2 protein chains.
Amino acid sequence: MHDRRMSEESETRGNRARQSRPTMADVAAKVGVSRALVSLVFRNEPGASKETRERVFQAADELGYRPDSAAQMLARSRSKVLGVMLTVRNPFHADIVEGIYPVAEQHGYDILLSATAPTRDERKAVEALLSHRCEGLIMLGPNMEARHLAELAERIPVVAVGRRFPGVEVDSVHTAEAKGVRQAIDHLVELGHSAITHIDGGKGAGSVERRRAYRAAMRKHGLAGHIQVLPGDHTEESGAQAAMALLADRVNMATAILAGNDRCAIGFLDAVWRAGLRVPGDISVVGYDDSHLAHLSHIDLTTVRQDPDRQAELAVRAVAERLDGVRSEVRELVLDPKFVARGTTGPPPRRG
Amino acid sequence: MHDRRMSEESETRGNRARQSRPTMADVAAKVGVSRALVSLVFRNEPGASKETRERVFQAADELGYRPDSAAQMLARSRSKVLGVMLTVRNPFHADIVEGIYPVAEQHGYDILLSATAPTRDERKAVEALLSHRCEGLIMLGPNMEARHLAELAERIPVVAVGRRFPGVEVDSVHTAEAKGVRQAIDHLVELGHSAITHIDGGKGAGSVERRRAYRAAMRKHGLAGHIQVLPGDHTEESGAQAAMALLADRVNMATAILAGNDRCAIGFLDAVWRAGLRVPGDISVVGYDDSHLAHLSHIDLTTVRQDPDRQAELAVRAVAERLDGVRSEVRELVLDPKFVARGTTGPPPRRG
DNA sequence: CCCGACTGCTAGAGCGCGCTAGTAGAGCGC
DNA sequence: GCGCTCTACTAGCGCGCTCTAGCAGTCGGG
């Protein structure tokens, strides 16, 4: 086998990419029908007998034929591809991506992923998607400026997930942040907490809304004097740092924490556990997202659920509607969050 | 602006993807030259005068022309696209992906990502990549059967990252697992540990090798009697469960843990911290991967570094070499792991 | 003045597919 | 016998581009 491959290589003078990729014509020839018929069969269009269909599929399978999406794109006006921009390291994005695949398939779309990373900004990620002929863009927690997004949205249907862009002509899917935060604060207050500190999400998706809602909820409960917002972002690191800051002054330490998101909450938990505090005995912690990290049994994080599958579904649908020309007005889809009380919240410690 | 889009939509009868996308022919017409010349100019090939080049670029700019990558792919034999299969939830994969982008760019390749997920198995992920005309495949921690991989590799250059496939004709990049494990055990033994338990990685990449190396290293140190392998996999959950199992019998509890990977170690840490144990005071923990989770300051995990950037580089290079026809024999690239002592290991507790 | 080489350009054949406009043949009523 | 419909299939153009072959025109050497 090894030898065979080597000889093939020399035969084809380095033009290996196509050395054996079968085409529709190959399948057609094998079955003894026309190329057009094979095309029909693969597009699942009527006009071929059941028997022929089976023979076509069988032949295709034997040859290892896969439709060439470049040729498909070129031939039909629709590429049937949606691009998804995400941050590879974000577990909540992972949850949404998992939800996107099945919904997209159901709508007849293929999915292309493009990651942002420290060395690869959002514009680069989007350009890659565009040059691959995506018809629509799903942007998970986009950080770009509103006007860039708006420019993009003029050229191609775009939906921003997890972040609001008020006044920008872009569809968006996000959670009613204020509501989730309010429920979380209500829960903590009910348990008896009053010193509730918020770890900020910085430039993260939804942070502005969560921060504002935190302040409002605290005031609503007459706890304006206890408002404390620690700087942070949506990483474990920032949660741990906030923990260190709090631990430096244990006497006046808050009895409960509302973290900017789950990752931040987990960083916080790690740090306080390590410092020997009991959760929720010494301090209560609430996250945000309910990413799969949160319901791991050993974390058992009280958090605010943002249904990722539902967000995925709505995002795909939003883009699909635009592409089908069903809708042209901007739509902001707001999901109800769901507060989930788990094991990291309880009554505040008694202080002597 | 909004209105403009709507009217365009109705004009083009829903055929929005191509509503006004200019082609090479448009540019050629505008400049008054042939399509072929425009093609030359855009490919930066010799054969056009400087003056003409400028006119072409100017016209293209005015028309907003962008080359259509689908048509390019179709027309030229090389697509210059590499496919990367990953598990979107795996932080170590995220680290590698981040390393792949710059190296690929440097080699002139574009990157397509395809994720596996519970609802989307590896074959599906790979099919998506293939139908998008990837010339080569980088598979991160593939779980598929060896013969499937072999079949794939017959058609297209494939490199498996993080997992060995002995006897299979596939390039691979992975770490010398045994060496890393040996160093970890040496370190623990030096610190005075003898009751060192391994949490198994199940079907995870490298698990078999790590388990075997653990046993060998223990025997080498005359600790065969202390060999203990707890079942697990590469998730936080399994680490936490192993912790629970150990905590059930504190008296005979191991003094040190070698986890299957970092995620598992972190799950373990969370659980023991939460149970009030001190790390490393009560128990030492070693991870594996040195993913970015490990060097977060609050985790500060002693672990075995598998350089993800280096793995990314070697993987891209391996595929690129195949594609350039430079090499045709199978290559197994084995990286030296690097043991990194951080804050989760120390001398064992004294027992009275 | 002719030959060859070189420059700057063009014609036209694909790449693999989708899709429209057909055709061939069977069945059926009258 | 005819027209009709219906099923099962085919021919062939075009999507936007790349790339080979080739064609005018210029220039320099013999």
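Just so it is clear: chains get the letters A, B, ... in the order the sequence lines come, proteins before strands, and each one is counted from 1. Predicted model, so just to flag it, every value in this text is computed and none were measured.
Applying the 6.0 Å contact sphere to CD of A:Glu51 captures no more than 12 heavy atoms from other residues, nucleotides or ligands. Heavy-atom neighbours of B:Arg43 CZ from other residues, nucleotides or ligands within 6.0 Å: above the threshold of 12.
Look at B:Glu329 and B:Arg327 and you find no salt bridge, because none of the NZ, NE, NH1 or NH2 atoms lies under 4.0 Å from a carboxylate O. Using a 4.0 Å cut-off between a side-chain N of Lys or Arg and a carboxylate O of Asp or Glu, A:Glu127 and A:Lys124 do not qualify as a salt bridge.
One finds no side-chain N or O of A:Thr52 lying less than 4.0 angstrom from the OP1 or OP2 phosphate oxygen of D:dA8. Between D:dC9 and A:Ser49, a contact under 4.0 Å exists linking OP1 or OP2 to a side-chain N or O.
Between the side chains of A:Gln58 and A:Glu62, at least one donor-acceptor pair of N or O atoms lies under 3.5 Å.
Counting all heavy atoms, side chain and backbone alike, B:Asp95 lies closest to B:Asp309 at O-OD1, 4.3 Å.
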Do B:Ser114 and B:Arg120 pass the side-chain hydrogen bond (donor to acceptor under 3.5 Å, both in side chains) test, and can you show the C-alpha distance, the side-chain angles, and the key distance before you say yes or no? CA-CA 10 Å; B:Ser114 187; B:Arg120 184 178 157 89; 2.6 Å; yes
Check step by step if side-chain contact (heavy atoms from CB on, under 4.5 Å) holds for A:Met144 and A:Met139. CA-CA 10 Å; A:Met144 54 173 50; A:Met139 319 252 302; 3.9 Å; yes
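Here the P atom of nucleotide D:dA8 and the CZ atom of A:Arg55 are 14 Å apart, to the nearest Å. When rounded to the nearest whole Å, the span between CG of B:Leu74 and C1' of C:dG16 equals 5 Å. Here the P atom of nucleotide C:dC9 and the CG atom of B:Leu37 are 5 Å apart, to the nearest Å. In this structure, CG of B:Asn44 is placed 12 Å from P of D:dT18, rounded to the nearest angstrom.
In DNA chain C, the stems built from three or more successive Watson-Crick or G-U pairs (distances below 3.5 Å) are C:1-30 with D:1-30.
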Contacts under 3.5 Å, N or O only, protein and nucleotides 17-21 of chain C:
unit_1 : atom_1 : unit_2  : atom_2 : d
C:dC17 : OP1    : A:Tyr65 : OH     : 2.5
C:dC17 : OP1    : A:Asp68 : N      : 3.2
C:dC17 : OP2    : A:Met24 : N      : 2.5
C:dG18 : OP1    : A:Gln72 : NE2    : 3.2
C:dG18 : OP2    : A:Ser39 : OG     : 2.9
C:dG18 : O6     : A:Arg35 : NH2    : 2.7
C:dC19 : OP2    : A:Arg43 : NH1    : 2.8

